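See structure below.
All values reported here derive from a predicted model rather than from experimental measurement. Proteins get letters first, then strands, A, B, ... in listed order; numbering begins at 1 in each.
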Amino acid sequence: MDRGRRSVLTGTGGAAVLGLAFAAGLLRPGSARAEAWNKAAFETRSLNDAVKALGGAPPTQSAEITLSSPDIAENGAVVPFTITSKLPKTESIALLVEKNPNILAANFQIPEGTEPWINTRIKMGQTSNVYALVKADGKYYYASKEVKVTLGGCGG
Amino acid sequence: MKALVGALGAMAACAAIAQQPRSPAEEIERYRAAIGEANPAELWEARGEALWKEKRGPKKASLEHCDIGLGPGAVKGAYTVLPKYFADSDKVEDLESRLVTCMVTLQGFTREQARKDPFGGPGKKVPMDALVAYVTAQSRGMKMNVSLDHPKEKEAYELGKRIFFYRAGPHDFGCVTCHGSDNQRIRLQDLPNLTKAADAQRAYDTWPAYRVSQGEVRSMQWRLNDCFRQARFPELEFVSPASIALTTFLAHSANGGTFDGPGMKR
Amino acid sequence: MSAQHVDLDAKTVAVLKSSFKANGQATLDRLDQDEVQKLCSGHDLAQPVDKAVAERIEKSQQATIKYPQGSLLGDWKNGEKIAQSGVGKQYSDDPTAVAGGNCYACHQLTKAELAYGTIGPSLYNFGKLRGFTPETQRYAYAKVYNAEAFSACSNMPRFGYHGILTEQQIKDVVALLMDPESPVNK
Amino acid sequence: MSDPMKIRATMVGDKVEVKVLMSHEMETGQRKDAKGATIPAWFIQNVSATCNGKTVLSAQWGPAVSKNPFLSFRFSGGKPGDKVVIAWTDNHEDKRTDEVTIA
């Protein structure tokens, strides 16, 4: 197996996730699929910039959104989140991690008939605020929470 | 567990009750419960089943007639009797060793080929991890029942026990350093006391496991290899006599426990 | 000890030697035990170490400790980095990389780090509880240098004796434990 | 070639609950290999789920979604025996489509 990979990771602090920025050249912007994928939004670094790239105005905080996860993740490579929106006409639910190199992790379109509820797993490079961003009736709303990421092991 | 977490959440939200922050240990428990709901090891199990049935190697044969402990072709429950003595090879073998033997005898691979690349990694899928995931999953819910009746089984157990307590290297570590006392942890990871049945069962019964930190299914052979790496030993060779002896000691110590692998670990 | 046990002990060493391969800095001679390792192998942690054996180990290991000239108190900030890092001596480690002591793997030290182990005792408020005296500094240095000199068959590596940490690094760890400004003592 | 997804679709009350595991590296493009060379980004970008020809979920993902991704969602309008079809496309334009019958 690739021990070298592990030593590289260890050398930079042991986090399993280093960074998530990617080279724009790898995305083949010419293809139809890549155009459908919102490259600009996935390159942003702040909540407001991400919403702007998604075509919205700065979001407002909402108690109608529940962002649920453990407060401490044993490993940043897999952090489970459940997001529920009680906002009427919820159209999309996105997950954003403030301290990841690029803030937007995933964006789910919720058609009519699908519950505004998503359960998924994302990577976190370090302890960070996480946002659930919901588009409802054309406007953006968010909820946030901090998730601590711990390190571990004898070689870390 | 989930209901309890929900109830605690509701209490914390209630303004009349002062918020009681959960301890780190409770939060880690919540984390494990949440990720335990879906184990990517299932992807390995499916791949392993296909590989088990696929005609491979110079002899273009499947592994469906491999005797992994309960007779040729019997997969269900076979992992619970391993390691065990096999008359055809005149050796005590664990699952990985036995798969190597069958890849040689049934499929015609050289031993060298069958032992090569035992552990997967990023972008590298290997047959061994998948086969181990498939075979072990067929023993889920069954009790571990490793025999020491044959003299070679007894000897492997005794050697394994001595290896467990063997301290060496620049850190003076042995298996016992981390796994010889109750209720200890390294960073936030609980360390099973492998000299006690209950802990040995809990640990052994959940390997192999999907390692969240690596995104891979890891076999018991990998587990031992990586423990020795961190204990600052040289590199433990795949299906080596020491690895099988140590596995015999650990598996027998876990007898009576209900096998629940492949598990999911940090 | 029965003849059978002696046989099995000898066979254990033979089986180990046939089962490992050298990998980078982790050469096969690492399987060879020194006196302490030999005496401590087979020891069940639930039992106390035989008194005579313990005295023999502690005495021989006391004699290995080399104290530096001058102050034993280094830089606690660097000590904290050493306490956090587990790099060093694994075959997967770059042998030229700065090694760590991995103190947090086994000990609580500061209040800020939640991810600490419990194999060793909590060292939170180490200096504050024992007093910021030169004697305690000397004890801390010696304990990190060679824990077997104080507690035979300890689980703690002999950081100075085995050259895992340098003299300056041990002084930095002593500062982490003993500097009144260190977060360990806050 | 990529491995099949593991999909489960079950009735929870009058809704269909879908749980899906996908086999994918989800490489971030930030990690380096043993020789110090950057490992190129490789991750699923688009996911869609349909039932009886109707889209019940679609998603855009970045490389921050975990390796071997897991996703669960619930929708109305499905019944036992119906098929749920899930498809993904990654940034190398690899594709994978799998289906499951609602239990």
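Contacts with chain C were tallied for B/P241, B/G174, B/P234, B/S243; B/P234 has the most, counting heavy-atom pairs under 4.5 Å. Ranked by heavy-atom pairs shorter than 4.5 Å toward chain B, the options C/G163, C/G88, C/C106 are led by C/G88. Interface summary for chain B: among C/L114, C/V13, C/T27, C/L16, the most heavy-atom pairs under 4.5 angstrom belong to C/L16. With respect to chain B, the highest number of heavy-atom pairs below 4.5 Å among C/K21, C/H107, C/Q108 belongs to C/K21. Note on B/G169, B/S240, B/P170: by heavy-atom pairs under 4.5 Å with chain C, the leading option is B/P170. Ranked by heavy-atom pairs under 4.5 Å with chain C, the first of B/A168, B/A245, B/S181 is B/A168.
A salt bridge does not link C/K38 with C/E35: none of the charged nitrogens is closer than 4.0 Å to a carboxylate oxygen.
In this structure, chain C has no heavy atom under 4.5 Å from any part of B/T195. With a 4.5 Å cut-off on non-hydrogen atoms, B/D182 does not touch chain C at all. In this structure, chain B has heavy atoms under 4.5 Å from both the backbone and the side chain of C/L31. Only the side chain of C/E148 comes within contact range of chain B, with at least one heavy atom under 4.5 Å from a heavy atom of that chain. The parts of C/T12 that come within reach of chain B are both its backbone and its side chain, each placing non-hydrogen atoms under 4.5 angstrom from that chain. Proximity to chain B (any heavy atom under 4.5 Å) is shown, for C/Q25, by neither the backbone nor the side chain. Neither the backbone nor the side chain of B/F238 comes within less than 4.5 Å of any heavy atom of chain C. Contacts between C/V36 and chain B at a heavy-atom distance below 4.5 Å are absent for every atom of the residue. Using a 4.5 Å cut-off between heavy atoms, B/L246 makes no contact with chain C at all. Neither the backbone nor the side chain of B/F164 comes within contact range of chain C; no heavy atoms are under 4.5 Å apart.
With a 4.5 Å cut-off on side-chain heavy atoms, B/K124 and B/E216 do not count as touching. Side-chain contact check for B/Y204 versus B/H252: every heavy-atom pair is 4.5 Å or farther apart. Within the 4.5 Å cutoff, side-chain heavy atoms of B/R185 are placed close to those of C/Y116. Side-chain atoms of B/L148 and B/T248, non-hydrogen and from C-beta on, do get closer than 4.5 Å to each other.
Seen from the ring of B/F86, B/K84 counts as a face-on cation partner, given the 6.0 Å and 45° thresholds. Both tests do not hold together for C/K66 against C/Y145: distance to the six-membered ring centre under 6.0 Å, angle to the ring axis within 45°. In this structure, C/R138 forms a cation-pi arrangement with C/Y67, its terminal cationic atom sitting closer than 6.0 Å to the ring centre and no more than 45° off the ring axis.
With a 6.0 Å radius and a threshold of 12 heavy atoms from other residues, nucleotides or ligands, B/R115 has its CZ atom above the threshold.
In the model, C/Q62 has no side-chain atom that pairs as donor or acceptor with a side-chain atom of C/E58 under 3.5 Å.
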